[in-house]
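In what follows, a single structure is set out as structure tokens and then discussed.
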2 protein chains.
Amino acid sequence: MKKVTINSVASHAGVSKKTVSRVLNNEPNVSAATREKVLAVFKELDYTPNPIARGLAQNRSFIIGCLYDNPSKSYITRVQTGALEACKENNYNLLIHPCEFRGEALINNIEQLLQTSRLDGIVLTPPFGDFAELASFLKSKKIPYARVASALLQDDSISVRSNDEQGAFEITEHLISLGHTSIAFIKGHPDHSATQQRFKGYRRSLASHGIEFDERLVEEGNFSYHSGVDSARSILDLCPRPTAVFASNDYMAAAVLKLATQRQLKVPDDISIAGFDNAPIARHIWPGLTTIAQPVEEMTKQAVTQLISHIAQPQEQPYQVTLESRLITRESTSAIK
Amino acid sequence: MKKVTINSVASHAGVSKKTVSRVLNNEPNVSAATREKVLAVFKELDYTPNPIARGLAQNRSFIIGCLYDNPSKSYITRVQTGALEACKENNYNLLIHPCEFRGEALINNIEQLLQTSRLDGIVLTPPFGDFAELASFLKSKKIPYARVASALLQDDSISVRSNDEQGAFEITEHLISLGHTSIAFIKGHPDHSATQQRFKGYRRSLASHGIEFDERLVEEGNFSYHSGVDSARSILDLCPRPTAVFASNDYMAAAVLKLATQRQLKVPDDISIAGFDNAPIARHIWPGLTTIAQPVEEMTKQAVTQLISHIAQPQEQPYQVTLESRLITRESTSAIK
DNA sequence: TAAATTTATGACACCGGTGTCATAATGTAA
DNA sequence: TTACATTATGACACCGGTGTCATAAATTTA
């Protein structure tokens with residue numbers, strides 16, 4: 001079985017390869033009759049253009065890179081799912097590239113990535129979207145990029161996020177509405193802009209109810225389950241013990257739940273626990289975690305879709321969108337007794 | 001800043017592009033002096049070859065595809081991690097391709113994938129490694145592939161697996177050693193060969209202790225958390241209730257744990273629970289799950305490494321390896337009272 | 001020292017597409 | 001009917017590498 005290329009199609013249809021190329025790319029100036037004829041040969045020979053050859057000619061790879069460095073595997077999976085949907089719809093492929101955020105090696109690492117794979121664009125997932133040096137590096141290399149779930153910036157970048165501050169506000173409101181006033185907070189990774197946002201939302205809610213902010217109730221986490229365990233220990237050791245804990249993501253909340261349960265505390269009777277993200281674990285444990293659901297897949301999908309259309313045709317106005325998150329109440333929070 | 005290509009290097013070094021190409025690929029028949037000179041120009045101009053051009057000339061994409069259809073996100077993440085390590089070491093890239101196992105559309109889907117991305121090879125993760133039609137399709141298309149965690153076959157394919165049967169045997173032995181004789185079993189997804197293997201190991205252990213196999217203690221799951229909930233319901237409703245449950249993966253085991261806890265049962269005092277895979281959730285919940293740890297990353301890494309070296313130079317003998325798994329005991333299992 | 005090998009090098013076609021530009025075919029205005 | 005636009009088409013260079021083969025230079029052999 002011979003390989004079928006644009007040349008075989010051309011000779012079969014009795015036209016030049018350029019005409020075949022025109023049909024392929026829906027270019028104008030092809031007569032209806034010719035187009036039909038070529039399309040028929042496509043069918044007959046079962047032709048599909050070679051993306052590598054195409055890439056060489058157009059200096060494009062039809063590949064989007066996805067950068068991540070995130071302790072939450074489920075978050076990564078969701079990001080990938082959204083990115084893949086967008087890629088699929090546009091005949092792009094997704095190349096995944098985990099890499100360490102810290103260290104001056106990052107830029108070199110990315111440079112190498114670009115050299116070895118000629119990506120058409122890059123999706124920056126948290127915390128990469130907030131790293132200004134990276135953004136300006138990519139700009140200097142003229143590599144289009146899109147930021148997912150990162151802070152709002154006054155620039156021309158593509159950015160899709162959700163309102164972390166508002167989400168954190170709402171879940172804190174929920175706890176307060178249940179009668180809680182001593183609410184511990186576990187921060188996320190300091191490199192992530194969401195960390196500051198969620199903290200702000202927590203404080204805003206407290207403030208709006210005249211509850212005094214208490215430094216001692218705040219623990220530094222980093223979004224990992226392990227950091228949640230450490231934070232949980234400190235919080236559960238407090239005297240008096242807070243009646244509720246709001247962790248900046250579900251993994252850390254799960255850690256609090258585990259430790260509390262280990263210590264024979266009843267959740268939510270003895271202590272309410274809230275998380276953030278609506279990760280799978282939030283519903284895989286008992287009691288299920290009250291949390292904030294964010295449309296991670298949708299955010300990423302929109303970001304990548306925009307990125308791809310930007311690659312095809314650079315836009316004037318930046319695409320910056322904030323999607324809604326929503327409160328999901330489960331069994332881990334209840335009214336104070 | 002002009003693009004630096006093989007041509008610019010050639011003219012800079014005062015040699016032909018073919019000579020540059022020789023240096024690039026470590027081909028013989030280049031004098032030491034010339035080689036030095038060219039290498040110096042590489043440095044000077046900061047040259048890296050364009051992989052797309054290379055790909056066109058050699059009909060290679062330097063991309064490995066990773067096929068999956070698995071309800072366990074953490075499993076996918078681990079597979080990706082291992083595959084990425086192997087790719088990184090060999091300057092390959094990884095393209096991820098989730099796709100539905102069921103349906104006659106699968107082959108078409110893969111065909112399309114191959115046409116749009118010209119993969120150099122494919123890693124088949126469970127359950128794809130056990131799908132004979134797919135294997136023969138890939139063979140007919142001359143696409144090299146490697147099978148991860150699939151059944152041992154008497155063929156010439158690259159295959160890295162772990163011993164599911166033995167793992168299941170050992171964890172059942174563990175339960176029996178704790179005094180359990182009424183051990184429920186939740187099967188995995190019927191399409192996965194691991195499902196049969198784990199079931200076999202369970203039965204072998206029972207048999208080796210003269211414990212009669214009881215059909216009523218066996219539930220059909222599919223590896224998803226949700227299926228675990230359904231199975232758990234049936235099992236916990238049994239009269240008399242089994243004293244232990246062995247679920248074919250940790251997600252289903254976690255579901256049993258959740259339901260049992262919801263029903264006020266104490267784990268492990270009232271019922272012991274064991275899982276399989278050592279997924280993150282196994283240690284994120286309380287009590288932690290006794291389970292079997294499999295080297296998923298290592299399996300995949302070896303498979304992809306072999307795949308890549310096979311692509312570079314087709315091997316005569318098949319690479320078929322079985323790695324060891326090991327029992328991890330946590331708090332979810334204890335001696336019967 | 002001449003002939004026969006071996007090694008080093010370059011010219012050129014090729015991979016399979018796309019971009020540019022010239023030209024042929026067709027349609028429209030004068 | 002002629003002049004002028006417009007549309008359709010193809011020839012050919014090009015993207016940036018690699019493969020083949022001829023030939024020049026260096027080395028060995030006779």
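Quick note on labels: first sequence line is chain A, next is B, and so on, each numbered from 1.
Look at Ser31(A) and you'll find a side-chain N or O under 4.0 angstrom from OP1 or OP2 of dT9(D). Look at Thr34(B) and you'll find a side-chain N or O under 4.0 angstrom from OP1 or OP2 of dT9(C). Within the structure, a side-chain polar atom (N or O) of Thr19(B) is placed less than 4.0 Å from OP1 or OP2 of dG10(C). Arg54(A) has a side-chain polar atom (N or O) that falls below the 4.0 Å cut-off from OP1 or OP2 of dT18(C). Residue Thr5(A) places none of its side-chain N or O atoms closer than 4.0 Å to OP1 or OP2 of dC15(C). At the phosphate of dT18(C), OP1 or OP2 sits under 4.0 Å from a side-chain N or O atom of Asn25(A). Within the structure, a side-chain polar atom (N or O) of Ser21(A) is placed less than 4.0 Å from OP1 or OP2 of dT18(C).
The side chain of Ala53(A) approaches dG17(C) more closely than any other nucleotide in the set dG16(D), dG17(C), dT18(C). The side chain of Glu27(B) sits closest to dG19(D) out of dG19(C), dG17(C), dG19(D). The Asn29(B) side chain lies nearest to dT7(C) when the options are dT18(C), dG19(D), dT7(C). Out of dC15(C), dT18(D), dC15(D), the shortest distance to the side chain of Lys3(B) is found at dC15(D). The side chain of Leu56(A) approaches dC15(D) more closely than any other nucleotide in the set dG10(C), dC15(D), dT18(C). The side chain of Ala57(A) lies closest to dC15(D) when the candidates are dC15(D), dG16(D), dG10(C).
Atom C1' of nucleotide dT9(D) and atom CD of Glu36(A) are separated by 18 Å, given to the nearest angstrom. Here dG16(C) presents its P atom at 15 Å from CZ of Phe42(A), a figure rounded to the nearest Å. Following rounding to the nearest Å, Asn50(A) (CG) and dC15(C) (P) show an atom-to-atom distance of 12 Å. Between the CD1 atom of Ile6(A) and the P atom of dG16(C) there is a distance of 11 Å, rounded to whole Å. To the nearest angstrom, P of dG16(C) lies 8 Å from CZ of Arg118(B). One interatomic measurement links the two molecules: CG of Asn7(A) to C1' of dA13(C), which rounds to 14 Å at whole-angstrom precision. Rounded to an integer number of Å, the gap from CZ of Arg60(B) to C1' of dG16(C) is 18 Å.
Distance alone, capped at 3.5 Å, is enough to place a donor-acceptor pair between the Ser61(B) side chain and the Arg118(B) backbone.
Neither side chain, Asn109(B) nor Glu100(B), offers a donor N or O lying under 3.5 Å from an acceptor on the other. In the model, Gln80(B) has a side-chain atom that pairs as donor or acceptor with a side-chain atom of Gln80(A) under 3.5 Å. In the model, Glu298(B) has a side-chain atom that pairs as donor or acceptor with a side-chain atom of Gln302(B) under 3.5 Å. When only modelled atom types and interatomic distance are considered, Asp155(B) and Ser157(B) share a side-chain donor-acceptor pair under 3.5 Å.
When ring centroids are compared, Phe101(B) and Phe131(B) come within the 6.0 Å threshold.
Looking at heavy-atom distances under 4.0 Å, Asn59(B) makes no contact with the nucleic acid at all. Nucleic acid contact for Val20(A): none, since no nucleic acid atom lies under 4.0 Å from a heavy atom of the residue.
Between the side chain of Lys17(B) and the base of dG16(D) there is no donor-acceptor pair of N/O atoms closer than 3.5 Å. Side-chain N/O atoms of Arg22(B) and base N/O atoms of dG10(C) include a donor-acceptor pair closer than 3.5 Å. Interface remark: the Lys18(A) side chain does form a donor-acceptor pair with the dG19(C) base, using a distance-only criterion of under 3.5 Å.
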